[in-house]
Novice: 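Before I ask anything, here is the structure I am working with.
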There are 2 protein chains.
Amino acid sequence: MIRAVPSRRDAIADDLRRQISTGHFKAGERLPSEAQLATRYTVSTPTLRSALALLQGEGLVEKIHGNGNFVRRPLRRITYLGGVAEPPTWATFSAPLRVTTRTASIEAYNHLPTLLNVRPGSPLTEVLHIAHEGKTPHSLARIYTPHDLTLADPPAATPSPEQIAVCWAGPRPLAEVQERLSARLPTQEEATALRISASLAVLSLTRVVTDATGRVVEVALMVLPGDRADALFTTRLMTEKRSSKE
Amino acid sequence: MIRAVPSRRDAIADDLRRQISTGHFKAGERLPSEAQLATRYTVSTPTLRSALALLQGEGLVEKIHGNGNFVRRPLRRITYLGGVAEPPTWATFSAPLRVTTRTASIEAYNHLPTLLNVRPGSPLTEVLHIAHEGKTPHSLARIYTPHDLTLADPPAATPSPEQIAVCWAGPRPLAEVQERLSARLPTQEEATALRISASLAVLSLTRVVTDATGRVVEVALMVLPGDRADALFTTRLMTEKRSSKE
DNA sequence: GAGTGGTCTAGACCACGAG
DNA sequence: TCGTGGTCTAGACCACTCA
């Protein structure tokens, strides 16, 4: 009702979407140049580019500067399985992922002291995970552990490809896992690391694991692009046993 | 590294952000017209508008066609509390919300038959909740219940303002709550209903409640704008019993 | 170097909102 | 009616990629 007549941009985006879904433009293929498309649709380049920006935000098209616009190979949709009590030192996904890992020693700064409940400047171990599907990056995780809790040796191997190591802290009695989720647009760095448009919404997941003494053992910051990932929490209800507090 | 020199757009957006955060432009105030701002920054109108689009996507500015650009009054940030077992017929938030409700009888279509596991065309009760903070809409929920499970009378009152009725199904032995979250951009309708920019990411939450017989009792679709809401799931671990498999 | 996308201009014209 | 934002044009020039 706001606009009965679709704008040129929307009309072009719809047409391109259709051509991609019908296979007229195939996955991985390069679209005609923006100048050509602009001529074909008899619009100016800024208008055509704004139509492409819509497809980009949906994850259908990837722009590569100086090279062209490419139809994105549809990525496998994965689900982060939340509320998993055991083992809480792993993050579990619904499908295998190839993960590359990079470890560094850093000092707590910005929001990290608050999250980990340590003094600013405290030594932390940072582990950066990038999950790949084929050659394209899929999602991203940064894990922080107090340095004195970090194992000298990384865990031998991921128990299964669906799980990525989220915590290298030694085995301790853990007490609580908190998972906070929000939706936002990616930062510049996240967008380039994941090769996604700055206008593609991401699911931002912060996972805080506390041990029995109340000490924060691990904080994991995960970035899951909205076009390829979601999160699932399952709660089973104890109907016979009503043990809820407060 | 991609662009050492910030673009005009980013520079202008940064400057406006600063002026908003320092109170030079106050909450609720109308910004100078786009033409004036363009002159002040010596850029063309499209460039200035693209800068405003950034602030819009961050929820800092609300554009009102034919009226002006307004600094958004910062909204209270609320947290949806997930994994709440009892009572599962309510959604719990971290702060009170004023909620308006509209009920309708509809038939299952599109994705609803799958979600509710009913035949297409089955009668459903749809409840639309819009939570407000002051005069501005805050978030949105659509709840679907099989018509034969719907109570004749709506629940007398919300037990507390933090909880909104999500299910009108009569008291039954419930078995499972599944909450699936994803990040995306709002649809056109959601954007206008919530008066948010189409480029402000929203947290989309689908909550499915199943009874002991496996029948789906309720499906709730919630839309939580990313600039004002997140979701929190807390899992407590049973440390005495280590039943980890594999 | 040739071709691609990235940014920006200086307008034009339309649609909406308030008085 | 007037001032606002919404859309669009037809270029220009720069930055990047690949051969």
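Throughout, protein chains are lettered first and strands after them, A, B, ... in sequence-line order, and every chain is numbered starting at 1. These numbers were taken from a predicted model, which means no experiment stands behind them.
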Novice: Provide, to the nearest angstrom, the distance between the CD atom belonging to B:E34 and the C1' atom belonging to C:dC13.
Specialist: 16 Å

Novice: Test A:E58 against A:R17 for salt bridge (Lys or Arg N to Asp or Glu O under 4.0 Å), laying out the working first.
Specialist: CA-CA 10 Å; A:E58 297 165 19; A:R17 238 191 305 269; 2.4 Å; yes

Novice: From CZ of B:R30 over to C1' of C:dC16, roughly how many Å is that when rounded to an integer?
Specialist: 14 Å

Novice: In whole Å, I'd like the distance from the NZ atom of B:K63 to the C1' atom of D:dG6.
Specialist: 9 Å

Novice: Under 4.0 Å, heavy atom to any atom of DNA chain C: which of residues 50-58 of chain A qualify?
Specialist: none

Novice: Quick one: B:H65 NE2 to C:dA18 P, roughly how many Å, whole number?
Specialist: 12 Å

Novice: Return the value, rounded to whole Å, for the distance between atom CZ of A:R49 and atom P of D:dC8.
Specialist: 15 Å

Novice: If we ignore angles and hydrogens, is there a donor and acceptor under 3.5 Å between the side chains of B:T47 and B:S44?
Specialist: yes

Novice: What is the distance, rounded to the nearest whole Å, between atom CZ of B:R195 and atom P of C:dG17?
Specialist: 12 Å

Novice: Just to verify, which of B:R72, B:R73, B:R195, B:R228 counts as forming a side-chain contact (heavy atoms from CB on, under 4.5 Å) with B:T136?
Specialist: B:R195

Novice: Is it true that the side chains of A:T79 and B:R180 contain a donor and an acceptor less than 3.5 Å apart?
Specialist: yes

Novice: At under 4.0 Å, does any side-chain N or O of A:N69 touch on OP1 or OP2 of C:dT4?
Specialist: no

Novice: Answer yes or no: does a side-chain N or O of A:T47 lie under 4.0 Å from OP1 or OP2 of D:dT7?
Specialist: no

Novice: Quick one: A:Y41 OH to D:dC8 P, roughly how many Å, whole number?
Specialist: 14 Å

Novice: For the pair made of CG in A:L48 and P in C:dG6, what is the distance, rounded to whole Å?
Specialist: 11 Å

Novice: Does the pair B:R49/B:E34 count as a salt bridge with the N-to-O cut at 4.0 Å?
Specialist: yes

